[in-house]
Every structure is written in C-alpha cells, then in structure tokens.
Amino acid sequence: MDSLPLLAGHPYASFLDQVEKPARYAGGEVGSVVKDWASVEARVCLAFPDVYDIGMSHLGFKILYKLLNDDPRTLAERCYAPWVDMEAQLVKRGLPLVSLESARPLRDFDVVGFSLQFELTYSNILTMLHLGGVPLRAEGRGEDDPIVIAGGPTATHPEPIAPFLDALVIGDGEEKATEVALLWTRLKREGVPRRERLVAIARLGAVYVPSLYATRIDPGTGFEVVDRPLVSGIPFPIERALVDLNKYPFPDESPTGGPEAIFDRMSIEIARGCTEGCRFCQAGMIYRPVRERDPEQIVETVMRAVQKSGQDEVSLTALSTADVSCISPLVKKVTERLTRERISLGVSSLRAYGLEPDLLDELKRVRATGLTFAPEAGTQRMRDVVNKNVTEEQLLETAERVFSRGWGKMKLYFMIGLPTETDEDVRGIVETGARAAGAGRRAAGKGKPADVTVSVSTHVPKPHTPFQWAAMDTLSEVGRKQQLLKDTVRPYRAVTLKTHEANASVLEGIFARGDRPLADVLERAWRGGARFDSWDDQIKLSVWEEAFTHTGVGRAKYLGTLPVTARLPWDHIDVGLEDGFLAKEYRKALQSRLSPPCGKVAGMFVHHTNLDDATADTRRLVCYDCGVACDMTLMRDERLTFLDRLGAHKRSLPVLTDAAAAPPAGAAPSAADGGPPAEPARAGDAELSRAGADDAPRAGDEDPARAEAAVPPPAEAAAPPPAGGEAPPRAKRNAPAPKGRGGFRYRFRFEKTGPVALLGHLDVVRELPRVIRRVGMPMTYTAGFHPKPDMTFSPALSLGVISLDEYVDLRLERDLDPAALDALVASMSAASPRGLAFRGAVKLGPEDPALSKLIAGARYALVFARSAIGGDAEASLAARCSAVLSAASLPIRREIDRLAKMVDVRQYLVRAEVGGPEVLSALARAGLVGDLVAVEVEVDIRGSGAVKSSEVAAVIAGEPGEAPGAITPPPHRAVRLQLFGRAAPAGSAAGERFSLFDLDRARRVKSAPERAPSLALAADAE
C-alpha cells in the first residue's frame, strides 16, 4: 500500500517504503553531482549491473564519474541494478528505471555506459536496458535511442553480450569516455544517421562496434568467431587504449554515504597491472604493463579524499600491492599522515611473503584490514604450473611473521580445477594450511590462537590467459575434489575449510569463453527470470537449463580443451600480447616450468625499499617478451625517483621498544586501573588485533549505540621525568576539560527528511562521524582496542519516518563558545547529504544528564491524504481519536524477524487529536505537500519499550487484518515533531514536557521514572 510521497517529484516516492534499502534509489549522497542538463553537450548514464551496495565501491565508476562531471561539456549520473523487489514494483507500476541524480529514465541519456566486471552480471544488463526504456538489442535501436556502450575487463571477450551493445571500449577508459560521448552527440545534432555515427566511433580506435564486423563458424571448434570488418577504415583487430595514469589523478571525491557499501571505505588505486604473470589471472595479462601512480600524488589524494569523504578507513588498491615498487615507504608515509587523523589503513591484495618485517609492523600500527595470502595451489609443483612465484618456506615464514605480530587468524586462498591437478595437489591445499597453522602456533606462543582458514574456489579458464585453452572441471569432478578436501581437513582442528558453490562457476566459464549464439541463451534465460546470477541465493539453474535446451546451444564445447591452433571468439581483441606468448606460457605450465616476475631482478620477490640498495643494484630487470612495449630503463629510473620523493634513502630496520609496545591512547585500562592483567610485553605486540586481518570486526560491529571509529594513532613514548622524579608539567588548555571520558560534550539537534529518512538507523550513525570529519572538527574517542567517536543518539526511527527533532550527544576535543558552535552547526549542514540538516547545539556540563536519562516521550504527526479518509476528514479522524483514547486497551500484532508479539498501544498513547495550523506548517518543512490532514499524537518512551508511529496510525485509522491483532495502517506518512523530557512541577503529579535543549529543566531531572530505551531496543524505540 502506497504512502504519501517522501521525495517531492521523484517517480518512486510513494512506494519506496515497500522495498529493501530504499535509499539505494534516492541519491543525494555527499559528493554526488547534479548538473543542468541544458548546460552540457553530452549526458552520460554510468550503469553498474549489480546492486548499489556493490557498485558504490567500484573504482572505475569513481574515475569516470569525476572525469565526466569535471568537464563542462559533459555530465555523468549513476544507475545501479534494481534489486528483485524494486524490479517487481517498477514492472507492476509501469515505471522506468531512473538515474540517482536527476531521476531521469535511461532512455533520456545520450550515452548509457555499462561496467563489465563479471560475466554473471549480463542478465542484469538486460534488466536495466528493459526497465530503462532502451531496446534490448542494438539492431532494434532507432535514431533517437542512446548509444549503449561498455568497458571493463570482460569487454575483452564480449561476444555473448555483444548483440545487446552498440560499442565497447577496450582497455583504459579515461580518454575514450569523453571522446565517444562528445563525438556521438555532435554527429547526432548534425543529423548523421545512427549507423554512420557508429562507424565514426569505431574509427576512433580502441572501440569495438560488433554490428560492423562479420562472423563465421570456425571449423576446428564450432565457435562463431569475428572474421572481418564490414566497412573500411575501422580497426581489425581492435587494439586497447592505454593511458598515463599520472595524467589522470585518482579522484579525491566521489559519492559517499547512503546504505552501507560492501567495501565501506575510501579506496585509492595506486597502480594498474601486475608483474607476477600468474597464468590463471586475466587481469595480470590485460592490464600490462605495470603503471604506478606517483607516490606523492597518492599521499595527497589520500588526505584530500579523507577530508572530503569523512571516511574513517582508506584502502590502497592494486592487483598486487606487494609488487608496487615503493609500497613499503609509501605505506609508512601514508601511515604517518593518517594516524594523526585517527584513520585506519587497509592494503588490498597484499601478500606477506617477501615483505620486510618493518612493513608488517607499520601495517599493524594502523590495523591493516586487507592482508591477503593466496598460495593458489597446495603443492610446489602446482604453484610452478600456475607460475605462482612462492615457495613453501616463504609461506611458513608468512605464518610466522603474521602470528608473531599478534594476529590470531590467517586466510589462505586456493583454487581447484587447475590444469594437470592431481589428488595429491588437492590434499596439499589442506596440508599447506595445516603446516601454516603449526608454524603460527609456534610463533604466537603458548595459549595464543593461531587459526588458518583455507578458502577454495573453482578455477575458471579465462580468455587472454595461458589457460584459455584448458578444460574446466565438470561439476561431478569439482564435487569429488571438494569431498576430498573435507575428508583431508578432519584431523586438523586449527584449519577451517571453506568451499564455494560450483554451479555458478560453470556458467561463468561458459560465458567467459562464449560466442554470439550465447546471446540467445542469455535473452531466453533473462525472460525466464534469470537475475543476479552471481548471487548464490538468486541464481536459477533450472531457468538456464531450459534456455540452453530451448535454443539448442550445447555447453560442452565451451568447457572442454580447446585446440591451441584454433581461432577463438575473442581473438579480434588485441590486449597487447605478442602472438604465441600465451601458447608458450601454456606449454611451460604443462611442463611445470616457472617464468620469473617481469620488471624485477631475477630471484627478487619484492623491490628494493630504499634508494641506496636500489641504486647499487645494477642487475638487469627480467623481461620475457610478452609483446607489451616496456621501457626497462625508464621503469628503473622512475622507481628511483619515487623512492627519493618518499625520502626512502637508507635501509631501515624495525626497532620495537617497550614504549612502542605500549597501548594506544584510549586503550583498555591496565590491571592497575581495574582492567584485566597485562600480558608480558613482546616485540611486535603493540596495537595488535586478536582477529585475523580479513576477519577484523568492522567499525560499528561492537555496539550499535556508537558510531564507527578508526584506530587511534600509535602511542607516543612517554617523556622521561626530570631529575628528582617529578612528572613534567602538562600543557595548559584554554578551558578545563570536564572529568570523565575527556573532551567537551555537546548536544546537537538535527532533522532527517527526504533521502536521509530512507536510511536505516545504523547508516545514519555511520554518517554523523563523516560529517564531523568533513568539517575538520576533532572528536573524542571511546576506550578499547577499536575506539569509536564518543556519541549517543536519540531513539531510532523506523525506515521512512521523517524527523524534525533528532538529537546526538557528542564529545569534541575543542572548547567552543556559542558563536563558534553556531558556525559549526552551519558548516555541518553544508557538509551533510541531502535531507540531513543540523538545527542547533548546546554545550553540556558534567552535571547535564545524558539523552537516555531525559527522553520520556515524543510527538508525531500522522499525515493522510484527505482523499484517503473521505468525507469530512477532520471530523472522522477526531471521532477516531476520541474512540482510541476512551479504549482501555489497544492490542496490535508486531512482527520482528518473523517473531510476533502483542503490543498494547494504549499503554503508550498519551494524546491524539486532529492537528492544527502549527502541525500543518511543520509538514511543509518535512517536505510533505498536497491536500493533507494530520493527527497529532503524543506517546511515552520508556525503558520497557515504545510504540511505533505506524502502530498508532493503525489503531486510529487502520483496517483489521486476518491474523489476531493484525491491523493494516492506511497510506500515511509519519513525522516526528518533537522529542522531550518530562518534569513534575512542585505540587503537581502531572509531568510537564520540556525541550532537550532546556538544560536548566533537564538538570532537575535526577532520574526518569523509567529509563529511556537504549539503541539496543532500536526496533521498538520509536
């Protein structure tokens, strides 16, 4: 049942409450850009074929969004795949899929650009095109339809999706995105026919237009392959685009906030490409050569991004960060800057073997969250087959280094189904994990945890890799190997085995090595309901079975061994590799022969970490002629320059003293302070998590009443006392800090309207610290190993409830006078997402009670469309209000997580009456317009619970449901008008309401009759 529109003018406004995570579709995040459509030449919709939660973390989206919006000639807006519940709503209502920024359908844009990250998102592309009003197939698009273009790693083998796309950018998209958009719109304005526009786009280079190429059947495989161009002047094969990364600095600003993203952190790309040459890895082949960003540029980008986003965690990202030439001094430099700001550092894809211990110590200081250990294979022979340049000794050294530094868990990633694999290799996966656990236990010490998780996925042969010709294991063989792993792991209690569902991997393998006839299979499966095929709980295997059967397309040819001499469906895409290179590497794999990492001296696993050693080492860098033009002299000189800029001139060894091992400021109390007994100090133990790096609890996991927090800066060594043993004098403050947890306590009042009213409470809790960081105001943090900003919120609201009166008590490091506090409030509103506005603040003293001791009740406006009530709406609602207030009991059924209980609304309901002019005026502030009528209600909030506004609306104006106590509320919108305390005046038994900013009244409240609910009661605490 629809509610009153929450987002004025938005096509989804009336039903967003009915879908999961409605803020996915609302926009308004900090960092989002809304440009005037009339002011630009080309309008681009960046379409990500997965949910918002995943797409918001994608680096390529952030790069293109910034580039296109920084150019005055273009604009970029975003659209993500709607989850299945939203798709159902759009189909039911006949509404189009729209962009987040301007809520325009995809068909209105000049360019719709998809990111092709994974083959199993192809069905979502069809969903987005269909819902966006764009014809599914390129051949069905007319002169006024947008050009549908795509890029990303799977654009290098696009034939199964090619009939649905007008064009694909091959390689780096930084230059091509703007070039294609502007050329397309200019030619369209000039009246050039669509096909001629596509020819012009193809002639730009690095752009593949499938409709302009003929295909034929290859007799050796039965594959339909691209044979020749149909028009002159377009490239064949299509070569990739390659850019200088330093000409395109990584964006320091992008949309931030909304529902929590899967990777809720600020990620910064530090390099593109990889030197290692793993034979299963497509990214390591298609992104050659390795290009590293200037480290000074990285450091400055990190600091600007932290300030603009307000995030409390930064991740340095590359295919293999351990192989970035200046990674060790870069991490140290970034750490120095971040620890001052209490920002946590994550380093993705960082293997520990070969790294110097001091880098691990540095990462440990900032709670590294991205340590990844990927031996890939369980025996040395198999590691040689896949060209994983790591030995058993290095793996055990990794375990010793990790566990000796206090981590209690470690993850190891492996694959089964690799070429030439035997049962001995499969058992070796578990045995390698067991040996790592044993080495870890010895390094950690007696009684310390040393657990190893072995995660095993199924190998999918990918195009443009040496294994592109190899067969993929059948489902039955994968199942047999997984059972072998389970049998092998039983005796090893310190090893946890995780295996992955293989059905999706088989489908991925088919589409990875597929040809154009698979487009018919894809469309048939999509029409049968295939959606989100990469999600284990969404993939519909029966639908895919039917699609293959109906189209008559066999699967075996895509999964078996392919002839090395055959022409393949992706051979028309030139990723820069020399003819014969992949075949040579495939033959070496079958002989279990290694190829050393390129761009390094033979035998080195990481680069020199200081200028002296790097300059002294004049040995030749390895190059095995893959076909990519690498200037080894330039590469060496660039590395020396980077080390010099970072100040890494001399070799440094880790020096860990007792002072360095001291707990950080704000850490848990010692035994002398009433805390647990301290353990003996051990080198490397300072600030260590007892959870594995990949299992470290995320900010906000421990206490929903607190906002997320970063790890504090490392403890500074205490200054030695002067002669005579007296402690040094402390620096004086401008004003004395209150006793207790430190800092200065303030109460802020804020409003939640529009998109922010569609955010869950914990998303709002995460957003508030970001706002404070954006304005540069230092916060006080809680104690404990993972300190958090010290803040307490007023009771949570149900999703979709507007509030004009919310509060948070927050401790800040600075003592602010009233004028400075007013200025802070204004700057916080300016730094907030659309719909979050701060309306005032007061400074609290030590004697001022916390919110939880003050809040005793709330006032709401329950707002109805006059037409929904009918007749004399005011009179009808007044009669109903009188009836509920006269009732002795108003039971209603409440369901939480499928558990039902009965709630007596009458116990909490204090007042209910038709709202007057004051209430109607407040509705306009809340963004509600139209012919409306409102009921003003007052309810108690108690320690034993509270009543929801929807429940009050149900008992006043709802209809009985089928289940006992079930009452369906009518379409309405709830607005929290006020939170208040209650105090009984002298000689009176009745409590009088007072504002939570009325500190004089609040101080007279020694204790509320019942404590207001904590945020642990958030589901009931409305």
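Both backbone and side-chain heavy atoms feed into the values below; hydrogens, waters and symmetry mates do not.
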Treating His972 as the side-chain partner and Pro970 as the backbone partner, does any N or O pair qualify as donor plus acceptor under 3.5 Å?
yes
State whether Lys35 and Glu101 are salt-bridged, where the test is any N-O pair (Lys NZ or Arg NE/NH1/NH2 against Asp/Glu carboxylate O) under 4.0 Å.
no
Quick check on Glu895: does its CD atom have over 12 non-hydrogen neighbours (other residues, nucleotides or ligands) under 6.0 Å away?
yes
Tabulate below the donor-acceptor pairs under 3.5 Å that side-chain atoms of residues 923-931 make, not counting sequence neighbours, or state none.
from: Arg925; atom 1: NH2; to: Glu751; atom 2: OE2; distance (Å): 2.5
from: Asp931; atom 1: OD1; to: Arg866; atom 2: NE; distance (Å): 2.9

Taking only Lys NZ, Arg NE, NH1 and NH2, and the carboxylate oxygens of Asp or Glu, determine whether Arg745 and Asp848 approach each other closer than 4.0 Å.
no
Between Arg834 and Glu29, is the closest basic N to carboxylate O distance under 4.0 Å?
no
Partners meeting side-chain contact (heavy atoms from CB on, under 4.5 Å) with Val825 (sequence neighbours left out):
Phe748, Phe838, Ala841
Under 4.0 Å between a side-chain nitrogen and a carboxylate oxygen: does that hold for Arg43 and Glu77?
no
Is Glu938 salt-bridged to Arg982, cutoff N-O under 4.0 Å?
yes
Can the ring centres of Phe994 and Phe980 be said to be less than 6.0 Å apart?
no
Which residue is it: Arg773, Lys752, Arg774? I am looking for the one with a salt bridge (charged side-chain N to carboxylate O under 4.0 Å, His left out) to Glu767.
Arg774
Return the set of residues passing side chain to side chain donor-acceptor pair (under 3.5 Å) with Ser889 (not counting sequence neighbours), or none when no residue passes.
Asp904
Who pairs with Asp763 by salt bridge (charged side-chain N to carboxylate O under 4.0 Å, His left out), at least two apart in sequence or on another chain?
Arg766
Would you list the pairs meeting ring pair (Phe, Tyr, Trp, His ring centres under 6.0 Å) in which at least one residue belongs to residues 90-110, sequence neighbours left out?
Trp37-Phe109
Partners of Pro96 by side-chain contact (heavy atoms from CB on, under 4.5 Å), sequence neighbours excluded?
Val98, Pro105, Arg107
Between Leu909 and Arg906, the two heavy atoms sitting closest are O-NH1, 2.7 Å
Do Tyr52 and Trp83 have ring centres separated by under 6.0 Å?
no
Return yes if some donor-acceptor pair links the side-chain N/O of Tyr65 with the main-chain N/O of Val33 below 3.5 Å, else return no.
yes
